Amino acid sequence: MSSKDRVIIFDTTLRDGEQSPGASMTREEKLRIAKALERLKVDVIEAGFAIASPGDFEAVKAIAENIKDSTVCSLARAVDADIERAAEALRNANFGRIHTFIATSPIHMQYKLRMQPDQVVEQAVRAVKKARGLCADVEFSCEDAGRSEIDFLCRIIEAAIDAGARTINIPDTVGYAIPHQYGEMIGQLLARIPNADKAVFSVHCHNDLGLAVANSLAAVVAGARQVECTINGLGERAGNAALEEIVMAIKTRHDLLGVYTNIDTPHILAASRLVSGITGFPVQPNKAIVGANAFAHESGIHQDGVLKHRETYEIMSAQSVGWHTNKMVLGKHSGRNAFRTRLEELGIQLADEAALNAAFARFKALADKKHEIFDEDLQALVSEAQDDEAPEHYRLHSLEVVSKSGAVPRAHLLLSVAGHEQEATAEGAGPVDAIFKAIESLAASQATLQLYSVNAITEGTDSQGEVTVRLEKGGRIVNGNGADIDILVASAKAYINALNLMQAGVPKAHPQAADV
């Protein structure tokens, strides 16, 4: 197929996805996700908003220095300081892109920018020229394009392309568009702008009405050749178009859409699980492509059909997105080679032999408690091993919980606090409440518990429980994760993990300055 039929996949999980309240990530977590996106063969990785905070700048810089195949992008408002900071963060990138934007809708220009349309065009042109002077690859976005006037969009986009922008993004910033109307707008812009052939037209759709993927595909049909999306549809408010849904719709309905992407689809599931584990945002079972039920069949009629011929009820294979139906069973008798091989099949890359040894030790300990180790267990084990690489101010040594009918639950635990062992006992409304109160009696963090979430990692009563704890203090939010067969131990681990992140002052940038 012609390169004109290729849809560029621009992933903004690390920028727009991180703007989901509570989804902020550390530099190391962002780098892990960026490497997973590179393995997925994502064309452009929007690594962050460099000027938002020192932590975000360092994350963009680290990703730019470590990612070799994908283009690394940083967002910047249409002001000199933002653009200069983005260029500095991208200095060592193999392929760098500055993504600058300004609002173009009447409501944004009047109430947010307090600028006249002529001033907005002038600032956009100045910003694009400034960015082109620092980086060869410049993208320009018309924020809130979905509610902008078509004549003004034509004017400002033509000026931005003349100034040097080679990608033009038409975002539906507030999820207001309807597919046929949005597609028509993209078609009009391509037809009416004289120099439209000198740029790639991109779309960035929000999911406020549940139409982000539909709007994105309508735009592709109309001629857009870049789609901005996120893993698991993560993003501000109701989220963004989900990368996995965009990519698999294009692949599955090639007969209708006639375009393609370069995404290596068997790595989709691994990327989905990594993002879910790091952000603490679980994937609902009925989520398309990556949900636990996406390839499950309960109906007898469906089961019979699939057994006779898979395509009767499946429009894509589970293996094509990373699910494995013929998996190797791992248990306590499995060796290091089988363990390493399975990790490689799942797209999990460990830093070195020490990291492999740490993960393998956890695997053996779990295998003594659990007969069969599932892929989801391996994901959790590796995430926990990588989390433990960070300095720990608090560490759980032992936990005893007493909970019975008619009695107040009580928790007794032994913690290492800055290297010194300390004991605490507390009562609570329930066993988890008692555990958290016992931990707090030693930590005295004064943090507020915003979220407590429990998910079974696999099926069966011997499944590991995965717990996410979200703490907030002074406007700063951290997510702690813990996994264990004992859900109470997992809860304690998650709370302690969150406290360690807060204690370490790990910079989890939360760039709320923009929602392109």
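Everything quoted here is computed from the prediction, not taken from an experiment.
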So that I can tick it off, tell me whether [Y] and [X] are bridged by a salt bridge, with the cut-off set at under 4.0 angstrom between side-chain N and carboxylate O.
X: Arg97; Y: Glu139; answer: yes
X: Lys493; Y: Glu466; answer: no
X: Asp43; Y: Arg6; answer: yes
X: Lys437; Y: Glu440; answer: no
X: Lys30; Y: Glu18; answer: yes
X: Lys61; Y: Glu65; answer: yes

Check whether any side-chain heavy atom of [X] sits under 4.5 Å from a side-chain heavy atom of [Y], and report yes or no.
X: Val283; Y: Ser272; answer: yes
X: Ile67; Y: Lys35; answer: yes
X: Asp82; Y: Phe49; answer: yes
X: His397; Y: Leu415; answer: no
X: Met502; Y: Leu471; answer: yes
X: Glu88; Y: Phe57; answer: yes
X: Met248; Y: Thr265; answer: yes
X: Ile83; Y: Leu134; answer: yes

Point to revise | Glu353 vs Arg340, salt bridge (Lys or Arg N to Asp or Glu O under 4.0 Å): CA-CA, chis, key distance, verdict | key: CA-CA 10 Å; Glu353 282 296 312; Arg340 185 202 302 266; 3.2 Å; yes
Can you tell me how far apart [atom1] ([X]) and [atom2] ([Y]) are? Round to the nearest 0.5 Å.
X: Leu501; Y: Glu29; atom1: CG; atom2: CD; value: 7.0 Å
X: Ile263; Y: Ile250; atom1: CD1; atom2: CD1; value: 9.5 Å
X: Asp11; Y: Leu40; atom1: CG; atom2: CG; value: 8.0 Å
X: Phe281; Y: Ser20; atom1: CZ; atom2: OG; value: 5.0 Å
X: Ile63; Y: Arg27; atom1: CD1; atom2: CZ; value: 9.0 Å
X: Leu234; Y: Asn207; atom1: CG; atom2: CG; value: 12.0 Å

Are the side chain of [X] and the backbone N or O of [Y] linked by a donor-acceptor pair below 3.5 Å?
X: Ser276; Y: Arg273; result: no
X: Asn94; Y: Lys68; result: yes
X: Asn66; Y: Ala62; result: yes

Between [Y] and [X], do the side chains contain a donor N or O and an acceptor N or O under 3.5 Å apart?
X: Thr12; Y: Glu46; answer: yes
X: Ser202; Y: Glu228; answer: yes
X: Ser445; Y: Lys473; answer: no

Exercise for review: Tell me, with the steps shown, if Leu31 and Ile33 meet side-chain contact (heavy atoms from CB on, under 4.5 Å).
Suggested key: CA-CA 5 Å; Leu31 187 55; Ile33 291 174; over 6 Å; no
Determine the minimum heavy-atom distance between [X] and [Y], stating which atoms define it.
X: Ala64; Y: Leu90; value: CB-CA, 4.2 Å
X: Ile435; Y: Ala492; value: CG2-CB, 3.8 Å
X: Pro409; Y: Pro431; value: CB-N, 3.7 Å
X: Glu244; Y: Gly233; value: OE2-N, 4.1 Å
X: Gly322; Y: Leu269; value: O-CD2, 3.7 Å
X: Lys251; Y: Ser320; value: NZ-CB, 4.4 Å

Check your understanding: Would you say Lys404 has more than 12 foreign heavy atoms packed within less than 6.0 Å of its NZ?
Key ->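 Count not over threshold, so no.
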Practice item. Check whether more than 12 heavy atoms from other residues, nucleotides or ligands sit under 6.0 Å from atom CD of Gln446, and answer yes or no. Key: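 Counting neighbours around CD of Gln446, 12 or fewer heavy atoms of other residues, nucleotides or ligands fall under 6.0 Å, so no.
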Review point. Looking at Phe436 versus Tyr452, is the centre-to-centre ring distance below 6.0 Å?
Key: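 Yes: the rings meet the under 6.0 Å criterion.
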Practice item. Tell me whether the centres of the aromatic rings in His99 and Phe10 are closer together than 6.0 Å. Key: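 Ring centroids of His99 and Phe10 are less than 6.0 Å from each other.
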**Study point:** Step-by-step side-chain contact (heavy atoms from CB on, under 4.5 Å) determination, Met25 to Leu14
**Key:** CA-CA 8 Å; Met25 312 165 204; Leu14 301 176; 3.8 Å; yes
Practice item. Can you run down the side chain to side chain donor-acceptor pair (under 3.5 Å) pairs that involve residues 413-423, sequence neighbours left out, and say none if there aren't any? Key: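 Every pair satisfying side chain to side chain donor-acceptor pair (under 3.5 Å) with a residue in residues 413-423: His412-Glu423.
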Exercise for review: Kindly indicate, with the supporting measurements, whether the criterion side-chain contact (heavy atoms from CB on, under 4.5 Å) is fulfilled by Val478 and Arg470.
Suggested key: CA-CA 6 Å; Val478 295; Arg470 184 175 302 157; over 6 Å; no
Point to revise | Working for side-chain contact (heavy atoms from CB on, under 4.5 Å), residues Ile9 and Asn262 | key: CA-CA 8 Å; Ile9 297 300; Asn262 284 339; over 6 Å; no
